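Reviewing the structure listed below.
Here is how names work: the chains are called A, B, and so on, in the same order as the sequence lines, proteins then strands, and each is numbered from 1. The figures here come from the full heavy-atom set of this structure, side chains too, leaving out hydrogens, waters and symmetry mates. Nothing here was measured: the structure is a model prediction, and the numbers come from that model.
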Number of protein chains: 2
Amino acid sequence: MDASGQSPYSHRMDATTSTRKLGRRPKAVGGEAAREAILDAAERLFAARGFNGVTVRHIGEAAGVDPALAHYYFATKRGVFDAVFLRRAPPLNAERERLLDELEARPADEVTPADVIAAFVEPALERWAHGGPGWKAYLALVAQVNNTPEWGGETMTRYFDPVVHRVIALMRRCLPDAHDVDLYWCYHFLSGALTLTLAETGRIDRLSGGACASSDYPAVSTRLPEAMAAAFVAVTARGRASDR
Amino acid sequence: MDASGQSPYSHRMDATTSTRKLGRRPKAVGGEAAREAILDAAERLFAARGFNGVTVRHIGEAAGVDPALAHYYFATKRGVFDAVFLRRAPPLNAERERLLDELEARPADEVTPADVIAAFVEPALERWAHGGPGWKAYLALVAQVNNTPEWGGETMTRYFDPVVHRVIALMRRCLPDAHDVDLYWCYHFLSGALTLTLAETGRIDRLSGGACASSDYPAVSTRLPEAMAAAFVAVTARGRASDR
DNA sequence: GTCTATAACTGGATAGAC
DNA sequence: GTCTATCCAGTTATAGAC
């Protein structure tokens, strides 16, 4: 039943992520540097294996610092996780807000649903493609949290809902006859499509026999806004009388 | 930073899922019953907290059987997980195949993209809504795995790709001018939208201020095929000359 | 088939030396 | 600020009684 023979769930680190005793990093310690090294390593490990799949010892090893420092700076393992999640949310959302401001300043009839969607997804996709491994890991982590029952929905709400409410409001301006329930469900579908992309699981590569690549930014950037804009238009177009 | 005060990552079981010493089950042991009880409990716990967030002891407690039985029947914790994942994939995919057979038997011009999508998503949504807590948990687990980097894509490939290839083939028949790359990407978006729904994180409830419910089967069933069919049509409609 | 007991180990966290 | 040493609760897994 197991194809690889190597359990993907074990705590063991694989060759590419482990750090040999001769630290891979320039041992760039010295106060703030250690703190950042811990966050970078934790970001990568949490994204790859989830909160419970990572140990404080792994983080210390990967960061090239003593594991006890994680407790010194962040008190608990959960503190490390929260710091990771918090670090990149503000810059990401700030750029989304900026693009949404621009759309809001334009006349309503010069803004398309695809424009609104692009303002929401492009800041994420652009960092995912060109922001370096830190952003890649962070966005994969967001994708995982978004699909996590129990606390996932609550966590996403806390960090990302304000900007989503602006997306809905702008979409309402583009599609004045739309019912709010339809807008929310379409946003939900958009969120799922975006986060599966950011998770970069490699499934589409295998499925397509290599014709598509999980990491192909232009392919996503050109298709996702167009696809989901059509979804918004189709679902909100009809007069839907009965709805919960 | 933590809103709830109660860590959602801890191994502690909450009141609704824990089992007091006076087992909640009728202690329905006796060979096969214990095996099934273990699978049911593991399914629920893995779905809620992921592989590493669950212990064999938790599973035994929740199932009302001795934890050592999990090893007796499944050898390892990973064996339990694989058995959970395997159990419900065949019946789900069998019904998808049946519905796809029906569509394939019809003339091409009487099959719409929404029909193809419905044949793929309805068997999952129907069980999610009316299949009981076991199916709910199983589908939430699939959603989590689908968005898991490293081994998630590989696992989904193993269990679900055959039926997806049929979906793509039927879609190709509906949209004969479509490029395969576009079809694969649109399936990818569909997969993300579907699995976020199955994860049922409660985010849309909070986001919409209660106007939408994560668990609203009719709301999803009427909108998802329509939304994603429009996405397929929009993306594949144009002649796209240059594509990786 | 089921459960008790325990082996063998790893987890988060901390006290205190440097 | 950093690291060593360590606590001890909790982990998977198994041997062997019943």
Please tell me if A/Tyr73 has a side-chain N or O lying less than 4.0 Å from either OP1 or OP2 of D/dG1. no
Please answer whether the main-chain N or O of B/Tyr217 pairs with a side-chain N or O of B/Ser221 as donor and acceptor at a distance below 3.5 Å. no
Heavy atoms from C-beta onward define the side chain here; which of D/dG1, C/dT4, C/dT2 lies closest to that of B/Asp66? C/dT4
Taking the side chain as everything from C-beta on, heavy atoms only, tell me whether A/Arg44 gets closer than 4.5 Å to A/Val84. no
For A/Arg127, the option from A/Arg88, A/Glu95, A/Lys136 that meets side-chain contact (heavy atoms from CB on, under 4.5 Å): A/Glu95
note: B/Phe81, atom CZ; D/dT12, atom P; distance rounded to Å ~ 14 Å
Do the side chains of A/Phe46 and A/Ile59 get nearer than 4.5 Å, heavy atoms only? yes
Below 4.5 Å, heavy atoms only, C-beta onward: do B/Phe189 and A/Thr197 meet side chain to side chain? yes
May I have the distance from B/His58 (atom NE2) to C/dG11 (atom P), rounded to whole angstrom? 16 Å
Would you say the side chain of A/Leu190 lies within less than 4.5 Å of the side chain of A/Val121, judging by non-hydrogen atoms? yes
Write down the distance between CG (B/Leu69) and P (D/dT14), rounded to a whole number of angstrom. 14 Å
To the nearest angstrom, the CG-P distance between A/Asn52 and D/dG10 comes to 15 Å
From CZ of B/Arg49 across to C1' of D/dG10 the rounded distance in Å is 14 Å
Check the interface with nucleotides 13-18 of chain C: list each N/O to N/O pair with the protein under 3.5 Å, or write none.
{"unit_1": "C/dA13", "atom_1": "OP2", "unit_2": "A/His71", "atom_2": "NE2", "d": "3.2"}
{"unit_1": "C/dA13", "atom_1": "OP2", "unit_2": "A/Lys77", "atom_2": "N", "d": "2.8"}

